[in-house]
There are 2 protein chains.
Amino acid sequence: MHKLTARQEEIRQFIRQFIIDSGFPPTRADITRALGFRSPNAAESHLRALEKKGAISLQAGSSRGIRLLNDTGGEAESGLPVIGQVAAGSPVFAQEHVRERCQVNPGIFRPRADYLLSVQGMSMRDAGILEGDLLAVHRTADVRNGQIVVARLQDDVTVKRFQRDGYQVRLLPENPDYTPITVDLRTEPLVIEGLGVGLIRNGEAL
Amino acid sequence: MHKLTARQEEIRQFIRQFIIDSGFPPTRADITRALGFRSPNAAESHLRALEKKGAISLQAGSSRGIRLLNDTGGEAESGLPVIGQVAAGSPVFAQEHVRERCQVNPGIFRPRADYLLSVQGMSMRDAGILEGDLLAVHRTADVRNGQIVVARLQDDVTVKRFQRDGYQVRLLPENPDYTPITVDLRTEPLVIEGLGVGLIRNGEAL
DNA sequence: TCTGTTGCTGGTAATATATACAGCCTCCGG
DNA sequence: CCGGAGGCTGTATATATTACCAGCAACAGA
């Protein structure tokens, strides 16, 4: 996100406060009144600038179609993002993968969780991680042997137990039906996306 | 707040989800489309009904002027109580058993969770419920075969899969090392304390 | 039987709102 | 000295949206 000017930050703050007070975003006219403009176009161009800098997103054609981005303060942004199917080649923690948000305090996990990953497959069954579970993930590449990690191999994102020995990394499933994956760091790219720090399961999976 | 009808609750839920998804409330037209109405007035009158019952408040004259009230999201609540060792003879859900509180929105589970029970033992291992896990429990005695329940037998509280056949109730572990418990309701007291609706695991158990 | 509520169809007028076009001024890097 | 971004005024206009009209049917309680 680009840095905002003082005036732009002022407008962003107004939008934020307006949402908290009213429950919905302001119109151009609301911004115009609040900031003392004489033309609604002043608000319009500010919104465009804010969108260009990635501070907000605008919904074309719909009234009050303003959404604050990268903001932890707004009520609408509370909770952890739930990430589902991860498309090949794109980072796990990307806006387009966020299916919904789960009202959980990230601080109940240690280290704190950054997002929830919807688990696919039964490869970690014997570690009590089942398909459909939400794995709480802390974004870090600093993992140790025996920890459960989220790893990216080629374009595949997987949850496994981590074991490293020199240039050899073994990604161990917790299910005899699956086979461990061995990666040679000198020849194959391996990205550690994060560390598993907890689990949440919905009732439907019980 | 008056009780909502099924249809009204449906609409309230839609508004709620719309706000989460979009960042702003829906218009009458949005509701009309989503619910499959042919007239926007259907949405209008539903909103009026919801306002009358105190479920929402409407801002006259402004677009998307819908605000959810009494949102049970529990922003003031300090999370779910975590219940640990249960002393013999006393009810599970008693103040003295609350070890701590966990910052989780009870509404992420369905039906909603009333408390979290710290799981002891590995009798439900193959259902992905491990020792130390926090089982989200909905307080009810209305359980069905195959569901995971919190049951009290004598002075013992246990988590098992429920199976009833007439007067015979079987409490099935999900681990071949444990043996099922059979209870004859005519001779032995069995109290169903609640229904397992979810699970939370701390990182330390991973 | 009357009255009110729920749950809609179908339509319309008023107005709230987004958004485009045409400018004006200042500051700043190249 | 040019070009672009920031920060506005002022005027329109298409359309998104609210809000109200008149009905219809089912149902519940008084």
Side-chain angles (χ1 to χ4, degrees), chain A residues 1-70 76, chain B residues 1-19 21-70:
Chain A
M1 187 171 84
H2 262 73
K3 213 177 150 192
L4 302 183
T5 67
R7 196 63 164 151
Q8 285 167 352
E9 183 58 35
E10 214 174 318
I11 292 179
R12 202 186 73 94
Q13 284 304 321
F14 168 71
I15 296 171
R16 198 177 120 76
Q17 196 56 48
F18 193 101
I19 293 174
I20 292 170
D21 293 343
S22 323
F24 41 82
T27 65
R28 274 67 166 165
D30 291 327
I31 298 172
T32 301
R33 265 191 300 276
L35 278 286
F37 300 147
R38 295 193 164 189
S39 163
N41 193 44
E44 177 74 24
S45 41
H46 266 119
L47 290 177
R48 296 298 174 94
L50 284 169
E51 187 184 33
K52 209 156 147 191
K53 290 191 175 177
I56 63 172
S57 83
L58 293 173
Q59 187 77 22
S62 64
S63 67
R64 303 179 190 273
I66 303 171
R67 161 162 250 182
L68 286 179
L69 299 176
N70 315 318
Chain B
M1 186 172 84
H2 263 73
K3 211 178 150 193
L4 301 184
T5 67
R7 197 65 166 149
Q8 286 166 351
E9 182 59 35
E10 215 174 315
I11 291 179
R12 202 186 73 94
Q13 283 304 319
F14 168 72
I15 295 171
R16 202 176 134 73
Q17 196 58 47
F18 192 101
I19 292 174
D21 292 342
S22 322
F24 41 83
T27 65
R28 274 68 166 166
D30 291 326
I31 298 172
T32 301
R33 264 192 301 279
L35 278 287
F37 300 148
R38 294 192 164 192
S39 164
N41 192 43
E44 177 75 24
S45 41
H46 266 118
L47 290 178
R48 296 301 175 92
L50 284 169
E51 187 184 33
K52 208 155 148 189
K53 289 189 174 178
I56 61 172
S57 83
L58 293 173
Q59 187 77 23
S62 65
S63 67
R64 304 180 189 273
I66 303 171
R67 161 163 251 181
L68 286 178
L69 299 176
N70 313 317

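Computed from a predicted structure; not experimentally measured. Within every chain, numbering begins at 1; the chains are lettered A, B, ... in the order of the sequence lines, protein sequences first and strands thereafter.
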Residues at least two apart in sequence or cross-chain that pass side-chain contact (heavy atoms from CB on, under 4.5 Å) with B/A29, listed by chain then number, are B/T27, B/R33
Sorted by chain and residue number, the side-chain contact (heavy atoms from CB on, under 4.5 Å) partners of A/S45 (sequence neighbours excluded) come out as none
Nearest 0.5 angstrom please: [X] [atom1] to [Y] [atom2], how far?
X     : Y     : atom1 : atom2 : value
A/R12 : A/L47 : CZ    : CG    : 13.0 Å
B/R67 : A/D21 : CZ    : CG    : 7.5 Å
A/I15 : A/L50 : CD1   : CG    : 6.0 Å

Check the interface with nucleotides 24-30 of chain D: list each N/O to N/O pair with the protein under 3.5 Å, or write none.
none

Notebook entry, point to check: Under 4.0 Å between a side-chain N or O of A/S63 and OP1 or OP2 of D/dT17?
Noted result: yes
Counting just side-chain N and O atoms, does B/R48 come under 4.0 Å of either OP1 or OP2 of D/dC20?
yes
So the ring pair (Phe, Tyr, Trp, His ring centres under 6.0 Å) pairs with at least one residue in residues 34-53 of chain B (sequence neighbours excluded) are B/F37-B/H46
Integer-rounded Å distance: [N] [atom2] and [X] [atom1]:
X     : N      : atom1 : atom2 : answer
B/N41 : D/dC20 : CG    : C1'   : 8 Å
A/E44 : D/dT11 : CD    : P     : 18 Å
A/E9  : D/dG7  : CD    : P     : 12 Å
B/I66 : D/dA19 : CD1   : P     : 10 Å

Students should find that the end-to-end axis angle of the helix from C/dT1-D/dA30 to C/dG30-D/dC1, with five pairs defining each axis and rounding to 10 degrees, is 30°
Side chain to side chain donor-acceptor pair (under 3.5 Å) with [X]: which residues, sequence neighbours excluded?
X     : answer
A/S39 : none
B/E51 : none
B/E10 : B/R7
A/R64 : A/D30, B/S63

Problem set entry | 4.5 Å side-chain heavy-atom contact, A/I31 and A/E44 | no
Within residues 23-38 of chain A, those residues having any heavy atom closer than 4.0 Å to DNA chain C are A/T27, A/R28
Nucleotides 4-6 of chain D: which of its N/O atoms have a protein N/O under 3.5 Å away?
from, atom 1, to, atom 2, distance (Å)
D/dG6, OP1, A/K53, NZ, 3.4

Closest non-hydrogen atoms of B/F24 and A/G65, given as atom of the first, atom of the second and distance, are CE2-CA, 3.5 Å
What one should report as the nearest heavy-atom pair of A/I66 and A/P25 is O-CG, 3.3 Å
Chain B reaches DNA chain C, atoms under 4.0 Å from its heavy atoms, from C/dT5 to C/dT17
(Q) Between B/Q13 and B/E9, is there a side-chain donor-acceptor contact under 3.5 Å, judged purely by atom types and distance? (A) yes
Assert: residue with more 5' nearest nucleotide on DNA chain D, out of A/P40 and A/S45, is A/S45
